[in-house]
A.B. asks: 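My questions will all concern the structure given below.
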Amino acid sequence: MADQADKLRKMVDEKKKTKCRAIALTSGKGGVGKTNIVANMAYLLSTIGKKVVVFDADLGLANVDILMGLRTKYSLLDVIKNGKKMNDIVVKVNDNFKIIPAGSGIEEIANITEPVFTKIKDELSEVIKDADILLIDTGAGISRKVTYFLKSTEEIIVVATPEPTSIADAYAMIKIMSINYNKENIKIFINMAKNEAEAKTIADNLNKICKKFLNKEFKSIGYALNDKNLPNAVKQQKLIAQSNPNSNFSISMKKTINNLFKENIKVYENPIAKFFASIFGG
Ligand SMILES: Nc1ncnc2c1ncn2[C@@H]1O[C@H](COP(=O)(O)OP(=O)(O)OP(=O)(O)O)[C@@H](O)[C@H]1O
Ligand SMILES: [Mg+2]
């Protein structure tokens with residue numbers, strides 16, 4: 001009897017473990033919008049009742065918390081060096097939205113060896129036990145600290161902007177993920193496009209390169225236009241999806257969520273905005 005109960009408990013635990021969908025955002029080139037995409041998508045998902053955890057895996061220049069104007073007492077460094085549990089450093093944004101802040105300069109302060117990564121991963125699985133979605137914001141580029149987190153995540157979104165350097169670096173990232181780490185579930189997001197046509201062309205071109213050299217194509221899951229409201233929101237340390245829900249960037253985030261998670265978030269917040277958007281093509 002005790003044996004059966006034990007088995008049942010294990011089965012329930014296993015189910016709990018596989019419940020959370022983990023997605024890592026990365027890019028070749030830095031400054032392409034990953035952190036803004038992660039933070040705003042997480043916030044919007046939380047508003048429709050999804051339990052979201054954002055893991056700031058940028059161990060060099062962590063900034064999810066700064067972007068949102070949050071005061072954080074502890075960071076991942078306290079887990080690595082000071083024996084804190086990851087559950088103790090979690091910052092609760094709202095009932096559905098938690099952040100694990102990285103703290104800047106960790107890689108310079110702490111020696112991040114394989115066992116440290118394993119500890120981080122184990123602790124993280126505790127935090128996400130009851131979550132629906134884990135969004136991992138990685139740093140840019142192909143350093144070990146970035147690839148470690150990407151290696152252990154099935155679903156990866158590569159963010160690129162229309163700049164040729166960004167596209168070339170995005171391709172380099174896709175190549176490594178696909179060839180070296182056998183990742184199949186890679187998706188493309190184009191940010192800071194001039195218009196929809198440019199975003200589509202950039203995604204198509206990136207895919208043409210992938211088709212030619214890797215014989216693989218990847219799904220484009222969304223795009224965002226260059227939105228002058230976003231740098232303003234960043235300066236004010238406000239999430240644009242919250243402070244300006246009808247801005248281009250916020251609308252793009254909602255459309256991307258609907259596409260990626262098969263959700264049905266209302267894209268425009270009120271009929272007047274929708275009316276103007278239908279006239280001006282927003
Ligand atoms: N669609 C957009 N329109 C206008 N500005 C944008 C857009 N997306 C991002 N930005 C601006 O680009 C800057 C960099 O964004 P962000 O920090 O999110 O990039 P990142 O990819 O996380 O950078 P890093 O590689 O350094 O972590 C921010 O100041 C932000 O305001
Ligand atoms: Mg970032």
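Whatever order the structure lists ligands and atoms in, that order sets their numbers, starting from 1. Because only heavy atoms are used, hydrogens play no part in the values below, and waters and symmetry mates are left out as well, while side chains stay in.
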A.B. asks: State plainly whether one hydrophobic cluster holds both Ile190 and Tyr171, where clusters connect Ile, Leu, Val, Met, Phe, Trp and Tyr through side-chain heavy atoms under 4.5 angstrom apart.
C.D. replies: yes
A.B. asks: Inspect the contact between Lys50 and Glu263 and indicate whether a charged nitrogen and a carboxylate oxygen are less than 4.0 angstrom apart.
C.D. replies: yes
A.B. asks: What part of Leu225, side chain from CB on, backbone N/CA/C/O, both or neither, has a heavy atom under 4.0 Å from ligand 1?
C.D. replies: backbone
A.B. asks: Quick check: does Thr138 get an N/O under 3.5 Å from an N/O on ligand 1?
C.D. replies: no
A.B. asks: Restricting to non-hydrogen atoms, name the atom on Asp227 and the atom on Asn248 that form the minimum distance, rounded to 0.1 Å.
C.D. replies: OD2-N, 3.2 Å
A.B. asks: For ligand 1, which is the ligand I care about here, please tell me if Lys29 has any N or O atom under 3.5 Å from one of the ligand's N or O atoms.
C.D. replies: no
A.B. asks: Please list, in number order, the atoms of ligand 1 under 4.0 Å from a heavy atom of Phe249.
C.D. replies: 1 (N)
A.B. asks: Can you list the atoms of ligand 1 that are under 4.0 Å from a heavy atom of Lys34?
C.D. replies: 18 (O), 19 (O), 20 (P), 21 (O), 22 (O), 23 (O), 24 (P), 25 (O), 27 (O)
A.B. asks: Among Glu155, Glu217, Glu154, whose salt bridge (charged side-chain N to carboxylate O under 4.0 Å, His left out) with Lys187 holds?
C.D. replies: Glu155
A.B. asks: Check the angle between the aromatic planes of Phe149 and Phe117 and answer parallel, tilted or perpendicular using the 30° and 60° thresholds.
C.D. replies: perpendicular
A.B. asks: Looking at Gly30, which atoms of ligand 1 are within less than 4.0 Å of one of its heavy atoms?
C.D. replies: 25 (O)
A.B. asks: For ligand 1, which atoms sit closer than 4.0 Å to a heavy atom of Asn226?
C.D. replies: 3 (N), 4 (C)
A.B. asks: Is Val234 touching ligand 1 with its side chain, its backbone, both, or neither, if touching means heavy atoms under 4.0 Å apart?
C.D. replies: side chain
A.B. asks: Quick one: closest heavy-atom pair of Val79 and Ile89, and the distance?
C.D. replies: CG2-CD1, 3.8 Å
A.B. asks: With backbone taken as N, CA, C and O and side chain as the heavy atoms from C-beta onward, which portion of Leu67 lies under 4.0 Å from ligand 1: side chain, backbone, both, or neither?
C.D. replies: neither
A.B. asks: For the 3.5 Å polar cut-off, considering only N or O atoms, please tell me whether Lys228 and ligand 1 meet it.
C.D. replies: no
A.B. asks: Charged N to carboxylate O below 4.0 Å: is that the case for Lys19 and Asp132?
C.D. replies: yes
A.B. asks: Can you find an N or O of Asn63 that's nearer than 3.5 Å to an N or O of ligand 1?
C.D. replies: no
A.B. asks: Any heavy-atom pair between the side chains of Met173 and Leu150 that's under 4.5 Å?
C.D. replies: yes
A.B. asks: So is Asn191 polar-close to ligand 1, meaning N/O to N/O under 3.5 Å?
C.D. replies: yes
A.B. asks: Ligand 1 and Gly33, any nitrogen or oxygen pair closer than 3.5 angstrom?
C.D. replies: yes
A.B. asks: At less than 2.8 Å, would any N/O/S atom of Asn63, backbone or side chain, sit next to the Mg ion (ligand 2)?
C.D. replies: no
A.B. asks: Specify the closest pair of heavy atoms between Ile167 and Pro162, including all atoms of both residues, with the distance to one decimal.
C.D. replies: CD1-O, 3.4 Å
A.B. asks: Using a strict cut-off of 4.0 Å, indicate which atoms of ligand 1 neighbour a heavy atom of Asp58.
C.D. replies: 27 (O)
A.B. asks: I'd like to check which ligand 1 atoms, numbered from 1 as shown, lie under 4.0 Å from a non-hydrogen atom of Gly31.
C.D. replies: 14 (C), 19 (O), 20 (P), 21 (O), 23 (O), 24 (P), 25 (O), 26 (O)
A.B. asks: Using a strict 4.0 Å cut-off to heavy atoms of Val32, name the atoms of ligand 1 that fall inside it.
C.D. replies: 19 (O), 20 (P), 21 (O)
A.B. asks: Closer than 4.0 Å to some heavy atom of Leu230 - which atoms of ligand 1 meet that?
C.D. replies: 2 (C), 6 (C), 7 (C), 8 (N), 9 (C), 10 (N), 31 (O)
